[in-house]
Amino acid sequence: MPDLPRTLARSWSSTLKLPKSTFPARVTPADQTKYLQRCTDDLYAWQQHQRPASRPFVLHDGPPYANGELHVGHALNKILKDIICRVQLGLGKRVRYVPGWDCHGLPIELKALEAQKELQQENGPVSAALIRKAARKLAERTVKAQMKGFRSFAVMADWENHWKTLDKAFEKRQLGVFREMVDKGLIYRRFKPVYWSPSTGTALAEAELEYKEDHVSTAALVKYPLASIPEHLAQDPLLKDKEINAVIWTTTPWTLPANAAISVHPSLEYAIVDSDTQGYLLIAQSRLEYLEAILKEDLSVIVPAIPGSKLADQTKYRPLFKGPDAEPQPIIAADFVTADSGSGLVHCAPGHGMEDYEACLFRGIPAFAPVDNHGRFTDKAMPSDPKRLSGKSVLDDGNAAVLEYVESQGQLITKHRYEHKYPYDWRSKLPIIIRATEQWFADVADIRSSAMAALEDVNFVPATGRQRLENFVKNRSEWCISRQRAWGVPIPALYHRGTGDALLTKDSVSHIMNVIEERGIDAWWTDEANDPAWIPPSLRDASGPGYRRGTDTMDVWFDSGTSWTEIDIPYRDGGYPADVYLEGTDQHRGWFQSGLLTFVSHQLASGQTTSPRAPFKNLVTHGFTLDEEGRKMSKSIGNVMHPQSIMDGTLLPPLKPRKGKGKKQAENQAPVYDALGPDALRMWVASSDYTRDVVIGKQVLQTVNTSLHKYRVTFKLLLGALSDFQPQDHLPYDQLQQVDRIALKHLSETVLTCQKACENFEFYKAVNAINRWANLEFSAFYMEAIKDRLYTYAENSTSRRAAQTTLFHIYNHLQEVLAPITPMLVEETWEHTPEAIKAHFEHPLRRIASAPASEWQSEGLEADYQDIVAVNSVVKTIQERARGQKQMGSSLQSFVHIVLPEGATPGSVFQRNLSELPDVFVVSSVSLGAHGEPIPEIISTAEWQYSEEYELPNGGKGTVHVYTPQAGKCPRCWRYVVPEAEATEEKVCGRCEEVVQELDASA
């Protein structure tokens, strides 16, 4: 081999095809704005015009509440929606995602009042008109701020056409649905008990409750004197001239002034007992031990085993709060009575209990609720002595006053603290009461079966969501839709000034909607009280008292529940407005339910179908966000994490280069904890199993950033290796080496796993697959195996082009699988993609994701890979042992001899691909030997050598020998392949000589 010029020998690196790319190793914040614009607004506009208009994919936004700053829960929700939309975009569909906001309701109203102190008037409450003006201003300002935050998460949506429940067009559609339900007879008014929040002065829906497990009440055992008993008991001589008291137990003594009956269970047995301290008592026989423990005395049973059915409707008692002349009240039968606690007799206040109301309604006993809007007793609570209770809070001093009166009458047996589960207003976080008022209801019972049937064809993610939503629907009979607030859509009812009767018909609602269209919805509150324009002409009687407008507003769940009306395209697939509804699991009792009920009502009312559909084809729910200790985010705890701080990297310390390492090397070896932008937030979301509660914290984010950094390094390697690659240089599959085919097999499996996972809404499975591939199969295996081919082989050599062809496929598919998850990163890679490749491909965010070629999926390749890994892991173990003895540095500074297992056939991967094995193992030479053959002498005489047994997946065992290279080092490729007799610092190997001479000739 002739000597090469010394000038060339001193610059071998200049002859290598080292990777070159403009792609930065770290995020460049200055470029983030343009990438954000391109991968969100520009992309959404492009797909609206370029993708087919028929059968678009619709993700309907569950509107966030326009109140307060965004938190990580918002990020989880919005990014999940965006990933779903981008997956569908990759499937070739046009996407419709129009963001919305829920803008009405109490929290905004209260916050608006608090922020606008000047609205507080000295001479009375603030007018509804001023409240609405302030609330509207606050909601619109909040929407603007939240929209800016959502857009910074790289969420692709039709932001310009976003909707709000306060929009005139939305309110008109909502009133239209309400009118349909009125016409169908699904809306009615009734005086009945509802959940009432004294702290906020309004009725609540069940969805607006949260339950506190450790609420403490004052429970009491109270006795009511019987006024009459069944005839067969009255004739008992043991009871003659005896005063008997029925014993009731209650956890809400404040409801005693509204008592109207006492209930017994018809199948329970009761007893009359004698107490030394309390006299004759009527109690469930199974509760005698309980009462004895309370009274601390033994009770004598006077009359045992009295069936409850013999007491009901034949026994009366004297009420405690209605004065001495009050009529006796009945003991009735009710199935809800149990003997699990208390006395087995239940006091019924139909004005303050749902079950009490139903039981009494059946017997014509009216509901009575002497409590005002703020939870204080009225004068009617105790007509004989109004001042005793009037004005007192039923949850505080009013409750105590009731017990004081009962005790003063000698009717209190005992009182005690009782800890139990109790409903609270989820907004004020204060306890609620049950209170009968005149309210508007939607008849759920009439549509319940249709709603349940509509869920049969819905796909639930996770599957447990089905049972949860079905339970809420089937256990609900009606929906209280009226609220006593100013900020909301009015219930368009008119009330007769003389009788107070309500008027609500299809025609009256239509008339009011026309006036609203002309004057605006605020006019309902601001117009003069006697303005006749709101009254249908047929009802305008100048001589009569006339009608007035109501002041109730609709439940905000009715607002958002009718948001399916904003989907302005024909329903597809048999009637689903939306392909996906996605919200937190708490919305099973909220938005999912209200959307289902209103849409089913609409279909039934409009006669569109006899088999109503749900408004969603897929119902996806996510859990809540928790810190790394499993706690909910709370300002008081101090564990709240803001999305912006995750994106700008302030939650993690900046990376410090490792000691003794250069900055560039540190960047390629360790994660960079600086501003990683929206992709950091998105990677956290995508890598989480959102069907459960989702944890976030510094450790989680470090893991996320490590993955993102790995992706950047991978893209940088790919772009560098493809810098001189032309798509026309692409080689057919049969010209690839075995290791290339194995790489494409792994790529194929990863891509298919990702595509299936994403279509099933299981994004974390896709991220896990990508991370595993990037760290093991690509970085630790394939890239190590092909570096020599990429950097030292001739530019147009088949071997190098085969490696580039493989990387070309990897690059394109990696862009596609990451496009829904890290669109900013993918957009950035496209910016730095060689023009030759750009000209050959569609932009990765616009591209229809391709399926891996079927020929890549050969089953035999995985077996070959596992055999190679089994031997390679032993080779690496031995090399580390040699390094520990300072006998070698680079893995190229070793030769490998593989003794094949006994009975090995000539077709093993090692025999078929012997020439490729040095590259695969990153060593300078590989030789094979058969089982039982003597070890080559060159090994035994080597300066150092180690051997170790390996075992293949099929159980075959052989031996690996790693030993000192028996050749000189090539100064260009660093492989030990130069004959020792010729080795000098200027002498390159034969392969490198050919490459250099070719370069010299073309220079």
Side-chain angles (χ1 to χ4, degrees), residues 1-23 25 660-665 667-669 713 716-725 729 737 739 779 782-804 807 834 879 882-883 886-896 915-926 943 964-1003:
M1 180 182 348
D3 290 344
L4 292 168
R6 291 186 60 82
T7 55
L8 187 57
R10 287 197 298 268
S11 58
W12 296 123
S13 62
S14 66
T15 70
L16 300 176
K17 291 297 298 183
L18 297 175
K20 295 179 182 178
S21 173
T22 57
F23 188 75
K661 300 286 186 180
K663 180 180 179 183
K664 184 174 182 180
Q665 191 170 359
E667 287 175 345
N668 288 322
Q669 291 186 353
V713 170
K716 189 170 180 64
L717 285 171
L718 291 168
L719 287 168
L722 295 172
S723 60
D724 65 338
F725 184 76
D729 295 333
Q737 295 188 12
V739 72
S779 181
Y782 186 63
M783 275 307 297
E784 286 296 309
I786 65 169
K787 282 181 180 177
D788 188 62
R789 291 164 60 191
L790 286 173
Y791 305 158
T792 67
Y793 279 53
E795 179 175 324
N796 294 313
S797 67
T798 300
S799 177
R800 183 170 184 274
R801 290 306 188 199
Q804 285 185 304
L807 294 177
Q879 288 174 336
R883 286 194 183 94
K886 302 189 181 301
Q887 292 168 325
M888 64 166 278
S890 166
S891 62
L892 291 171
Q893 199 174 347
S894 59
F895 277 16
V896 171
S915 62
E916 297 181 27
L917 295 183
D919 284 340
V920 172
F921 296 142
V922 196
V923 297
S924 290
S925 174
V926 176
E943 182 179 339
T964 313
Q966 303 299 303
K969 180 181 178 181
C970 172
R972 180 174 179 271
C973 69
W974 294 8
R975 295 187 310 159
Y976 287 77
V977 291
V978 178
E980 289 184 318
E982 303 176 11
T984 68
E985 291 184 2
E986 301 173 7
K987 192 71 69 176
V988 296
C989 66
R991 186 195 64 188
C992 287
E993 180 186 6
E994 292 177 5
V995 174
V996 172
Q997 287 180 344
E998 183 181 324
L999 287 171
D1000 191 42
S1002 62

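Just the heavy atoms: all of them, side chains too, but no hydrogens, waters or symmetry mates, feed the values below.
Summarising the geometry of Gln879 relative to Ser894, their closest heavy-atom pair is NE2-OG, 3.1 Å, with the distance given to 0.1 Å. Of all the heavy atoms in Cys973 and Cys989, the pair that sits closest is SG-SG, 3.9 Å. Nearest heavy-atom pair across Val926 and Phe921 is CG2-CD1, 3.9 Å. Contact detail for Val995 and Ala794: the closest heavy-atom pair is CG2-N, 3.5 Å. Closest heavy-atom contact between Lys716 and Ser21: NZ-O, 4.0 Å. In plain terms, the two heavy atoms of Arg972 and Tyr791 that are nearest each other are NH2-O, 4.3 Å.
Between Trp12 and Val996, the closest side-chain pair of non-hydrogen atoms falls below 4.5 Å. In this structure, Arg801 and Asn796 have side chains that are in contact, with non-hydrogen atoms separated by less than 4.5 Å. Between Val739 and Arg789, the closest side-chain pair of non-hydrogen atoms falls below 4.5 Å. Between Pro19 and Leu722, every side-chain heavy-atom pair lies at or beyond the 4.5 Å cut-off. At least one side-chain heavy atom of Leu790 sits less than 4.5 Å from a side-chain heavy atom of Gln804. In this structure the side chain of Tyr976 never reaches within 4.5 angstrom of the side chain of Val923, judged on heavy atoms. Two residues are said to be in side-chain contact when any heavy atoms from C-beta on lie closer than 4.5 Å; Arg800 and Asp724 meet this criterion. When side chains are defined from C-beta on, Tyr782 counts as touching Leu807, because their heavy atoms get closer than 4.5 Å.
Put simply, the side chain of Glu980 never gets that close to the backbone of Val978: no donor and acceptor are under 3.5 Å apart.
Distance check: Gln887 CD to Thr964 OG1 gives 7.0 Å after rounding to the nearest 0.5 Å. A distance of 7.0 Å separates CG in Asp919 from CZ in Arg975, rounded to the nearest 0.5 Å. Considering CG of Leu718 and CZ of Phe725, their distance stands at 12.0 Å, rounded to 0.5 Å. Rounded to the nearest 0.5 angstrom, Ser890 OG and Arg883 CZ are separated by 7.0 Å. The distance from atom CD of Glu993 to atom CG of Asp1000, rounded to the nearest 0.5 Å, is 11.5 Å. Atom CG of residue Leu16 and atom OH of residue Tyr793 lie 13.5 Å apart, to the nearest 0.5 angstrom.
A side-chain N or O of Thr792 and one of Arg991 form a donor-acceptor pair less than 3.5 Å apart.
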